[in-house]
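The model shown is predicted, which means the values in this text are computed figures rather than measured ones.
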Amino acid sequence: MDPSATGDDCKNKFCVDNLIAARKSLKLSLEKSKTLELALEKAGSRIEEINQRLPSLEAAVRPIRADKDALAAVGGHINRAVGPAAAVLKVFDAVHGLEKSLLSDPKNDLPGYLSVLKRLEEALRFLGDNCGLAIQWLEDIIEYLEDNRVADGRYLLNLKTSLKGLRELQNDGERKHLDGGLLDAALDQLENEFRRLLTEHSVPLPMSSPSLGEQACIAPSPLPVTVIQKLQAILGRLIANNRLEKCITIYVEVRSSNVRASLKALDLDYLEISVSEFNDVQSIEGYVGQWGKHLEFAVKHLFEAEFKLCNDVFERIGLDVWMGCFAKIAAQAGILAFLQFGKTITESKKEPLKLLKLLDIFASLNKLRLDFNRLFGGAACIEIQNLTRDLIKRVIDGAAEIFWEIFVQVELQRQTPPPQDGSIPKLVCFITEYCNKLLGDEYRPILTQVLVIHQSWKHKKFQEMILVNEVLKIIKAVDLNLETWVKAYGDATLSYLFAMNSHWHLYKHLKGTKIGELMGDAWLKEHEQSKDYYSTVFLKESWGKLPGHLSREGLILFSGGRATARDLVKKRLKTFNEAFDEMYKKQSDWVISERDLREKTCQLIVQAILPVYRSYMQTYGPLVEQDASSSKYAKYTVQGLEQMLLSLFLPRRERYGSFKGSKINNGVDLRRTASAVV
């Protein structure tokens, strides 16, 4: 065998053995590494656990490392801090114990509810007073522990964070942080009970009498005493918790609504009328009378009762409070609408009738002056006071202005033409009646008072006879107007009729009146005599001339025979008929306003004409009756003529249905005897 080959084999075998040995060694190293890895994993978790336990262990052993004196004092500090905190927590527990009672309905046991609420308030006051103290003590002990390194820093940091949050909650002033909103919920319950008591016992005042002006009694307090006592008890707790304004809002809302319901029965829609909605004072004249009665009822019965009730309910709180409450009720219930209506009247068109309405308004306000001063005299009612003063000023200024202008207006009317029908001018009828009203017992004292006030505002001394003198001046101006108008007619006869009309109107309507007394008997007598004079002249210059056309002269049967007499009778009857027709046609549109004067005048005309006509027709009628053209001459029967004359001078509204057709129709048989003419 070749030695070299043997050597190679040996080398190869050695190499393989070495490789096997190296593999075994590596395998063994890998197994040891795995074992070590497992051991390290187990050790890591144990080390982590130990690391987590180290802080607590460190904190546990720190006191051992702390200063001996600090360790000795820390117990006392902790006890002093924990004491107040424990007391606060105990009260917190008590507050939560009240929750069930305070969330129940107060109406079931109001005294008990208020008692529990008071305990809650006391508890919250204690918490409010002591929470800060407890927090301060805890902050002090933390500071002590921190300064003396007795406790762990992280633990102290957590405590500081918690206390900081408590301090912030205390400083923001929110009470609900102390009780979870329980007190607010309880107060809401009380407000609801306050509203319920008011609503259930607020009943509109019944309208027992249609004539409100006759009700003199003052309405009693509209709430029972027991209810008022409950309202006061509730108010006490709500006021203690700063809820007075909410109570007043509820009270005003309920009570003003009740007053409005009472007033609704009076049908006060007219209070909303604006100036543009009526043409003149006459269109709302009736409302002014209602306004006075309704205002008196509202003040004496409704607002008087509310005034008393506000005092009863809020008297313990103070005058300003209950007066302010009443002022709001009055304003919201409708007193402002009453005052606005009065203002609307003052803004209406200026006319004489408005003066009477302004005086009515002033009389109503003056009648209630003491009531207004007592009910609305407080500072809280300043708006009502201002509106009332403004209304009174407007009424007085407006009334005085119209009164002083009457004379001027009467003078201006002098330039206008008189009535074409000779009737009494509307101005004369109106002024005489109007001035009598002003001097009557109803308006004279009111107008005098208004003029006194108005003069005082102008710093003028009021003359006692100024009202009377002004009225006399107005009547004299009317007198002068009549004299002027008499002369303005182109027809003298119509001017006599007008003068007769006017003088009789003044005499008849002023005799026995205030103006008649002022003007005197001589003045009245003068007008009566003037009436008689113009009546005589009127008859003489008009109807008195007609009988002259029926002259008998030349009708004595003479040698000429009946034919000549018949022709003369025809001529005279024709002349009479023409004159009668002309005069009747002209005067059929004339008017005598006063019925007594009209009837008397017609009778005088009848007496002046009819006897002459009757006698003439009885004597000479047969001469023309048999003539074929007799209807031209025997035109009227005596009865027909009388009816025509008696139908004269009627006012237009009375003419319909008066006698018509007094003339004899052509179809009527005119062949009559002398006696048939009668």
Side-chain angles (χ1 to χ4, degrees), residues 419-423 491-494 496-498 500-501 504 534-551 569-622 624-625 627 629-678:
Q420 294 181 357
D421 58 6
S423 61
D491 187 323
T493 307
L494 181 57
Y496 303 148
L497 178 85
F498 174 77
M500 176 179 66
N501 258 335
W504 181 244
Y534 283 109
S535 176
T536 301
V537 174
F538 169 74
L539 288 171
K540 179 181 177 182
E541 297 299 324
S542 58
W543 298 100
K545 293 181 178 181
L546 291 184
H549 297 300
L550 300 178
S551 172
V569 168
K570 286 182 178 180
K571 181 179 179 182
R572 290 178 179 175
L573 281 175
K574 183 180 179 182
T575 303
F576 172 84
N577 290 336
E578 290 174 351
F580 178 88
D581 288 344
E582 180 184 356
M583 193 168 299
Y584 185 85
K585 181 180 179 181
K586 181 171 70 172
Q587 296 193 17
S588 62
D589 290 330
W590 295 0
V591 173
I592 298 179
S593 306
E594 302 296 340
R595 181 176 180 177
D596 54 351
L597 180 61
R598 180 172 64 251
E599 292 178 351
K600 183 178 180 181
T601 302
C602 289
Q603 285 294 340
L604 290 174
I605 295 174
V606 168
Q607 291 171 14
I609 297 176
L610 229 61
V612 176
Y613 185 75
R614 180 187 296 112
S615 176
Y616 196 83
M617 293 302 291
Q618 285 176 341
T619 304
Y620 303 110
V624 296
E625 282 180 350
D627 194 285
S629 61
S630 62
S631 60
K632 294 181 180 180
Y633 311 107
K635 198 172 183 180
Y636 301 103
T637 65
V638 174
Q639 182 182 6
L641 200 67
E642 181 179 15
Q643 288 180 337
M644 289 179 69
L645 293 173
L646 292 177
S647 69
L648 284 169
F649 312 124
L650 286 170
R652 292 186 182 277
R653 63 180 179 275
E654 297 181 29
R655 290 180 186 176
Y656 301 103
S658 62
F659 173 78
K660 294 180 180 179
S662 298
K663 295 182 179 181
I664 301 173
N665 294 327
N666 292 334
V668 177
D669 186 0
L670 298 179
R671 290 174 297 177
R672 64 188 110 175
T673 63
S675 60
V677 184
V678 180

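Between Q587 and L494 the shortest side-chain heavy-atom distance does not fall below 4.5 Å. Contact check for Y613 versus H549: no side-chain heavy atoms found under the 4.5 Å cut-off. Under the 4.5 Å side-chain criterion, counting only non-hydrogen atoms from C-beta, W504 is in contact with D596. When side chains are defined from C-beta on, K635 counts as touching D581, because their heavy atoms get closer than 4.5 Å. A heavy-atom distance below 4.5 Å is found between the side chains of T601 and F538. Considering only heavy atoms from C-beta on, R595 comes within 4.5 Å of E599 through its side chain. Under the 4.5 Å side-chain criterion, counting only non-hydrogen atoms from C-beta, F649 is not in contact with D589.
No donor-acceptor pair closer than 3.5 Å links the side chain of S615 to the backbone N or O of P611. The backbone N or O of K585 lies less than 3.5 Å from a partner atom in the side chain of S588, making a donor-acceptor pair. The backbone N or O of Y633 lies less than 3.5 Å from a partner atom in the side chain of N577, making a donor-acceptor pair.
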Stepwise, does the side chain to side chain contact (heavy atoms under 4.5 Å, CB included) test hold for V612 with L546?
CA-CA 10 Å; V612 176; L546 291 184; over 6 Å; no
Apply the test side chain to side chain contact (heavy atoms under 4.5 Å, CB included) to residues T493 and M583: give CA-CA distance (whole Å), side-chain angles for both, the deciding distance (0.1 Å), then the verdict.
CA-CA 11 Å; T493 307; M583 193 168 299; over 6 Å; no
Verdict with reasoning, W543 to L645, per side chain to side chain contact (heavy atoms under 4.5 Å, CB included)
CA-CA 10 Å; W543 298 100; L645 293 173; 3.7 Å; yes
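Once rounded to the nearest 0.5 Å, the distance linking OG of S593 with CZ of R598 reads 8.0 Å. Here the CZ-CG distance, from F498 to D491, works out to 13.5 Å after rounding to the nearest 0.5 Å. The structure places OH of Y496 at 10.0 Å from OG of S542, a figure rounded to the nearest 0.5 Å. Atoms NZ and CD1, on K600 and I592 in that order, are 11.5 Å from each other to the nearest 0.5 Å. Of the inter-residue distances, the one linking L497 atom CG with N501 atom CG reads 5.0 Å to the nearest 0.5 angstrom.
Under 3.5 Å, the side chains of Q420 and W590 contain no donor-acceptor pair of N or O atoms.
For the pairing with Y636, the ring pair (Phe, Tyr, Trp, His ring centres under 6.0 Å) check across F576, Y584, Y616, F580 returns one residue only, F580. When each of M644, Q643, E642 is checked for a side chain to side chain contact (heavy atoms under 4.5 Å, CB included) with L646, only E642 meets the rule.
For E578, the salt bridge (charged side-chain N to carboxylate O under 4.0 Å, His left out) criterion is met by no residue, not counting sequence neighbours. Not counting sequence neighbours, the partners of E594 by the salt bridge (charged side-chain N to carboxylate O under 4.0 Å, His left out) test are K508. The salt bridge (charged side-chain N to carboxylate O under 4.0 Å, His left out) test applied to K545 returns E541, not counting sequence neighbours.
Considering every non-hydrogen atom in both R572 and L550, the closest pair reads O-CD2, 4.2 Å. The two residues S423 and P419 make their nearest non-hydrogen contact at O-CG, 3.4 Å. Heavy atoms only, all atoms of each residue included: P622 and T619 are closest at CD-O, 4.0 Å.
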